[in-house]
There are 2 protein chains.
Amino acid sequence: MSQRNTGVTREEFVEEACPIVEVLDHVAGKWAIGIIVAAARGPVRFTELERTVNGISRRMLTLTLRKLERDGLLHRTVYPTVPPKVEYSLTDIARELHESLSSLVDWAERHRGTIAAARRSYDGAAAS
Amino acid sequence: MSQRNTGVTREEFVEEACPIVEVLDHVAGKWAIGIIVAAARGPVRFTELERTVNGISRRMLTLTLRKLERDGLLHRTVYPTVPPKVEYSLTDIARELHESLSSLVDWAERHRGTIAAARRSYDGAAAS
DNA sequence: CTGGATCCAATTTGATACTG
DNA sequence: CAGTATCAAATTGGATCCAG
């Protein structure tokens, strides 16, 4: 568990992880995960997302959608009907991402209680 | 792949994931991941983190450190020496988190190029 | 229905200076 | 060394109106 057991320095190790943070930031936006989770079940329409993703505003939905589309995580299909119909679906790499996300989601579910307790304990100690 | 194959609606499915987003948001902060990765290799000091975690400011380092400590992800050890020495180390659940994070990190590494290409393509199409 | 554009409020962050 | 305090700047988010 000590950093002295390997030939790679902590700096190199983190350096390696940094561009990832950049990529991850796109996914880590407040709404991106919700949208990916919602779209993971099948093509989904704009209004459907607006109702599904908790408290998102139309503006944020549009922005996040564009960001995910730009990064190649969402595929956008426009049906030239009237009124217009647009469906969003996950690309292959987004589907992969969704699987990786599951691991994180599991962790969050497993420790949600522990984390809440830690917070109460921390806040309680501060109030003493 | 269709949502019609299960008995759970998309709404229920997302509903289920939402409290997680709340938990995840703490981890998803711009700096939290970098700090967790840095601390995963062993106890690390404040100044060490300041140098290690790319472009973090002292203020953000302090705030993120406190947040992670409050959530029970970091353990803070103060050595009452002069000058003072403080070491941060991962708690058990944070070590678990770090493993889950690895899956995400792997994804980001695998598709970094693809994502960059998708962005260029998207931006290029817009400029046409 | 699907969004783009704009204005404004709230939040976040960085720079800097100071302290035990 | 390890922070805290403060102020200004930047970012983000919501509300609203308009349009194909």
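Everything quoted here is computed from the prediction, not taken from an experiment.
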Gap between atoms [atom1] and [atom2], on [X] and [N] respectively (whole Å):
{"X": "B/L61", "N": "D/dA5", "atom1": "CG", "atom2": "C1'", "result": "17 Å"}
{"X": "A/E87", "N": "C/dG3", "atom1": "CD", "atom2": "C1'", "result": "17 Å"}
{"X": "A/E48", "N": "C/dC1", "atom1": "CD", "atom2": "C1'", "result": "13 Å"}
{"X": "B/L49", "N": "D/dC1", "atom1": "CG", "atom2": "C1'", "result": "13 Å"}
{"X": "B/L63", "N": "C/dT11", "atom1": "CG", "atom2": "C1'", "result": "13 Å"}
{"X": "B/M60", "N": "D/dT11", "atom1": "CE", "atom2": "C1'", "result": "13 Å"}
{"X": "A/E50", "N": "C/dG4", "atom1": "CD", "atom2": "P", "result": "13 Å"}

Quiz prompt | Electrostatic pair A/E69-A/R66, nearest N-O below 4.0 angstrom | solution =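 Yes, charged N to carboxylate O under 4.0 Å.
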Among [options], find the nucleotide with the atom closest to the side chain of [X].
{"X": "B/R76", "options": "C/dG3, D/dG14, D/dA2", "result": "D/dA2"}
{"X": "B/T47", "options": "C/dT6, D/dG3, D/dA2", "result": "D/dA2"}
{"X": "B/R58", "options": "C/dA17, C/dT13, C/dG3", "result": "C/dA17"}
{"X": "A/R45", "options": "D/dC1, C/dC1, C/dG3", "result": "C/dC1"}
{"X": "A/V86", "options": "C/dG3, C/dG14, D/dG13", "result": "C/dG3"}
{"X": "B/T62", "options": "C/dG20, D/dT4, C/dG3", "result": "D/dT4"}
{"X": "A/R59", "options": "C/dG3, D/dG13, D/dG3", "result": "D/dG13"}
{"X": "B/F46", "options": "C/dG4, D/dA2, D/dG13", "result": "D/dA2"}

Quiz item: Do the side-chain N or O atoms of B/Y88 get closer than 4.0 angstrom to the phosphate oxygens (OP1, OP2) of D/dC1?
Solution: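 No, B/Y88 has no side-chain N/O under 4.0 Å of OP1/OP2 on D/dC1.
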Minimum side-chain heavy-atom gap [X]-[Y] below 4.5 Å:
{"X": "B/L90", "Y": "B/L73", "answer": "no"}
{"X": "A/D71", "Y": "B/R119", "answer": "yes"}
{"X": "B/V53", "Y": "B/V37", "answer": "no"}
{"X": "B/T52", "Y": "B/I35", "answer": "no"}

Quiz prompt | Sugar-phosphate, base or nothing in reach of B/Y79, heavy atoms under 4.0 Å | solution =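 No contact.
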Quiz prompt | Given DNA chain D, 5'-ward residue of the pair A/I56 and B/P83, judged by closest heavy atom | solution =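 Upstream on the strand: B/P83.
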